[in-house]
Amino acid sequence: MPVGSAVKTVRDNLKTQLDARSNLSGVAIFKYAPLDSNNKKEFIYFGDANSSMDFLAFGSRYEEDIDLKVFVYVLRAGAGDSVASTTESRALALANEVIDQLSDDATINGAVVVSRMRNMTVENTLSDEGRVCVIEMDIEAEAETSE
């Protein structure tokens, strides 16, 4: 049997879980970077994933370490500090929903043994449409699978 990765299952399960969170109602959630979104004000998407595998028991079982980028995007019309602060506060609230979901189910519905948010970067900027806050989070997970 070929060796597979848990990355796709992590994406699928985490999207399903985030879609079900009531505090994310109305927020578009994408398993991959969106080319164009109808909801250009608030969305969450999953970026690149890295995986490393350590084979155990003569190759029949392996441990997989997964790093998945998750991005939160919030846009608000306006240009002042108060708009920037409101935009950042909303982005942080959405990021906390992702973190809370991992706290509620660190296995991501059985896809991994454990997961956690490892790192977060907050970027505030301007666009032609207003203030933008993008939060990049590194989700780290450990899976164990057999061939």
Sequence neighbours excluded, the answer for ring-ring contact (aromatic ring centres under 6.0 Å, His included) partners of Phe71 is Tyr45
| Is a side-chain donor-acceptor pair under 3.5 Å present for Gln17 with Asn109? | no
Identify all side-chain donor-acceptor contacts of residues 116-123 below 3.5 Å with residues at least two apart in sequence or on another chain.
{"from": "Arg116", "atom 1": "NE", "to": "Glu140", "atom 2": "OE1", "distance (Å)": "2.8"}
{"from": "Arg116", "atom 1": "NH2", "to": "Glu140", "atom 2": "OE1", "distance (Å)": "3.0"}
{"from": "Arg116", "atom 1": "NH2", "to": "Glu142", "atom 2": "OE2", "distance (Å)": "2.9"}
{"from": "Arg118", "atom 1": "NH1", "to": "Asp67", "atom 2": "OD1", "distance (Å)": "2.7"}
{"from": "Arg118", "atom 1": "NH1", "to": "Glu140", "atom 2": "OE2", "distance (Å)": "3.3"}
{"from": "Asn119", "atom 1": "ND2", "to": "Asp138", "atom 2": "OD2", "distance (Å)": "3.2"}

Under 3.5 Å, is there a donor on one side chain and an acceptor on the other for Ser5 and Glu64?
yes
Cut-off 3.5 Å, no hydrogens considered: what does the side-chain donor-acceptor table look like for residues 77-87, sequence neighbours left out?
{"from": "Thr86", "atom 1": "OG1", "to": "Ser82", "atom 2": "O", "distance (Å)": "2.9"}
{"from": "Thr87", "atom 1": "OG1", "to": "Val83", "atom 2": "O", "distance (Å)": "2.7"}

Side chain to side chain contact (heavy atoms under 4.5 Å, CB included) filter on Ala91, not counting sequence neighbours, yields Val72, Val74, Cys133, Ile135
Closest non-hydrogen atoms of Val112 and Ala106, given as atom of the first, atom of the second and distance, are CG2-O, 3.5 Å
If hydrophobic clusters are built from ILVMFWY residues whose side chains come within less than 4.5 Å, do Phe30 and Tyr73 share one?
yes
#### Entry: Close side-chain approach of Ser51 and Asp65, heavy atoms under 4.5 Å
no
Residues pairing under salt bridge (charged side-chain N to carboxylate O under 4.0 Å, His left out) where one sits in residues 20-32, two or more places apart or in two chains, turn out to be Asp12-Lys31, Arg21-Glu97, Arg21-Asp104
Side chains of Gln101 and Ser103, heavy atoms from C-beta outward: is any pair under 4.5 Å?
no
Side chain proximity check, Val27 to Arg90, heavy atoms < 4.5 angstrom | yes
Could you check if a side-chain atom of Leu94 sits within less than 4.5 angstrom of a side-chain atom of Val98, using non-hydrogen atoms only?
no
Checklist entry - Are Leu14 and Val113 connected in the hydrophobic side-chain network, where two residues link if heavy atoms are under 4.5 Å apart? => result no
Could you tell me if the side chain of Glu88 sits less than 4.5 Å from the side chain of Arg76, heavy atoms only?
no
- Query: Do Lys69 and Glu136 come within less than 4.5 Å of each other through their side chains, counting heavy atoms only?
  - Reply: yes
Residue set satisfying side chain to side chain contact (heavy atoms under 4.5 Å, CB included) with Ser25, at least two apart, ordered chain then number -> none
Here the pair of heavy atoms bringing Ala111 nearest to Ala143 is O-CB, 4.0 Å
